[in-house]
Amino acid sequence: MEAYFEEIQDDILHYKERFELRYITIDKTNEMFRNLSLEILDYLARGDAELFDRAFEYNIKTMHEEFESVIARGVTDEKAQGTLLMFFLRCAEEMLIREGEIENASLNRLHSIMTAKGYIYPDYISTQKHFAIDKLPDIIKRMQILDGSYKPVTL
């Protein structure tokens with residue numbers, strides 16, 4: 001996998017600062033997701049870029065343009081928040097599949113919340129949520145088998 005996160009970590013940190021100042025919360029649930037997003041952005045901006053490149057390989061390949069667009073444009077509206085949540089959920093699910101655990105507490109909490117029953121999401125988030133939970137495990141396993149890196153992980 002090509003290096004990805006190392007090159008954009010400064011941009012993620014700058015975006016996090018902008019997001020923190022400009023994102024307006026409308027209720028407690030929205031505020032909870034805002035705070036989790038800020039914590040995860042900080043984690044991605046300051047954490048182990050090599051781990052991220054390995055643990056989020058499929059997500060980087062398939063969703064990097066959407067993520068980069070939000071970061072580069074500095075967008076902080078609800079659509080941007082939805083894009084971030086989907087990127088983060090997919091990262092969490094892929095890390096769980098590849099590494100056997102979600103090492104970051106905020107990423108783990110987001111995954112737990114978004115995969116729990118009871119939350120009703122807009123259609124575009126719901127569709128991505130179901131993709132991440134239902135389809136992503138098989139896709140990652142197939143990728144690993146093809147590149148020879150498959151190691152069964154017991155959860």
Side-chain angles (χ1 to χ4, degrees), residues 1-23 32-77 79-116 121 124-155:
M1 174 76 211
E2 234 176 87
Y4 176 77
F5 272 95
E6 187 174 355
E7 293 185 20
I8 65 166
Q9 284 184 311
D10 286 341
D11 296 335
I12 294 171
L13 189 56
H14 286 95
Y15 176 78
K16 178 211 167 233
E17 293 164 0
R18 181 181 179 106
F19 186 83
E20 188 169 21
L21 292 173
R22 297 202 176 171
Y23 189 77
M32 174 190 65
F33 282 119
R34 174 194 176 270
N35 292 340
L36 282 170
S37 292
L38 288 169
E39 292 165 6
I40 294 167
L41 285 165
D42 191 69
Y43 168 65
L44 295 176
R46 300 175 195 275
D48 182 349
E50 287 181 28
L51 169 66
F52 302 155
D53 289 345
R54 180 181 69 247
F56 309 147
E57 180 181 5
Y58 178 77
N59 202 33
I60 293 167
K61 286 180 180 179
T62 59
M63 206 175 164
H64 72 94
E65 289 175 1
E66 293 90 340
F67 180 66
E68 291 168 15
S69 176
V70 168
I71 300 299
R73 295 180 332 174
V75 184
T76 61
D77 60 12
K79 186 173 180 184
Q81 173 71 352
T83 300
L84 291 176
L85 288 175
M86 288 307 86
F87 186 78
F88 298 155
L89 173 63
R90 289 172 58 158
C91 284
E93 183 68 15
E94 187 170 0
M95 180 178 263
L96 181 60
I97 294 164
R98 288 181 181 277
E99 304 295 319
E101 67 179 336
I102 302 169
E103 75 152 27
N104 177 267
S106 298
L107 203 55
N108 192 37
R109 183 161 179 244
L110 177 78
H111 184 270
S112 295
I113 291 167
M114 291 193 73
T115 57
Y121 299 99
Y124 66 94
I125 291 179
S126 190
T127 300
Q128 282 293 322
K129 174 188 156 189
H130 291 297
F131 170 80
I133 305 309
D134 298 337
K135 306 277 187 224
L136 199 57
D138 290 335
I139 292 169
I140 301 303
K141 182 179 175 182
R142 204 170 31 245
M143 272 182 68
Q144 290 176 316
I145 289 169
L146 290 172
D147 73 13
S149 66
Y150 178 69
K151 292 176 256 162
V153 176
T154 3
L155 304 177

Worked check of side chain to side chain contact (heavy atoms under 4.5 Å, CB included) between Leu36 and Leu107
CA-CA 8 Å; Leu36 282 170; Leu107 203 55; over 6 Å; no
Is there a side chain to side chain contact (heavy atoms under 4.5 Å, CB included) between Glu57 and Glu94? Walk through the geometry before answering.
CA-CA 8 Å; Glu57 180 181 5; Glu94 187 170 0; 4.0 Å; yes
Dump the intermediate steps for side chain to side chain contact (heavy atoms under 4.5 Å, CB included) on Met32 and Arg109, then the final yes or no.
CA-CA 11 Å; Met32 174 190 65; Arg109 183 161 179 244; 3.8 Å; yes
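For the atom pair Thr115 OG1 and Leu89 CG, the distance stands at 7.5 Å (nearest 0.5 Å). Rounding to the nearest 0.5 angstrom, the gap separating the CZ atom in Arg73 from the CG atom in Asp77 is 7.5 Å. In this structure, NZ on Lys79 lies 6.5 Å from OG1 on Thr83, to the nearest 0.5 angstrom. With rounding to the nearest 0.5 angstrom, the OG atom of Ser37 is 10.5 Å from the CG atom of Leu44. Rounded to the nearest 0.5 angstrom, Ile60 CD1 and Glu65 CD are separated by 13.5 Å. Taken to the nearest 0.5 Å, the CD1 atom of Ile40 stands 6.0 Å off from the OG atom of Ser106.
Contacts of Thr76 classified as side-chain hydrogen bond (donor to acceptor under 3.5 Å, both in side chains), with partners at least two apart in sequence or in another chain: none. Remark: Ser112 pairs with no residue by the side-chain hydrogen bond (donor to acceptor under 3.5 Å, both in side chains) rule, at least two apart or across chains.
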Would you tabulate the side-chain donor-acceptor contacts of residues 12-20 under 3.5 Å, counting partners in other chains and residues two or more places apart, or write 'none'?
residue, atom, partner, partner atom, Å
His14, ND1, Asp10, O, 2.7
Tyr15, OH, Val75, O, 2.4
Arg18, NE, Gly74, O, 2.7

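Leu41 is listed as a side-chain neighbour of Phe88, based on a closest heavy-atom distance under 4.5 Å. Side-chain contact between Leu85 and Leu110 is present, with at least one heavy-atom pair separated by less than 4.5 Å. A 4.5 Å side-chain heavy-atom check between Val70 and Glu66 finds every atom pair outside the cut-off. Taking 4.5 Å as the limit, some side-chain heavy atom of Thr62 sits within range of a side-chain heavy atom of Arg90. Side-chain contact between Met95 and Leu51: present, with at least one pair of heavy atoms (C-beta onward) separated by less than 4.5 Å.
One finds a salt bridge joining Arg54 and Glu99 here, because a Lys/Arg side-chain nitrogen approaches an Asp/Glu carboxylate oxygen to under 4.0 Å.
Scanning both residues, Tyr4 and His64, for their nearest heavy atoms gives OH-CB, 3.5 Å. Between Leu96 and Ile102, the shortest heavy-atom contact is CB-CG1, 3.8 Å. When all heavy atoms of Arg98 and Tyr58 are compared, the closest pair comes out as NH2-N, 4.1 Å. Between Cys91 and Asn59 the shortest heavy-atom distance is SG-ND2, 3.0 Å. Contact detail for Gln9 and Ala45: the closest heavy-atom pair is CB-O, 3.3 Å.
The number of heavy atoms from other shown groups lying within 6.0 Å of CD (Glu6) does not exceed 12.
Between Phe52 and Tyr43, the distance separating the two ring centers is shorter than 6.0 angstrom.
Using cut-offs of 30° and 60° for the angle between ring planes, the Phe87 and Phe67 rings count as parallel.
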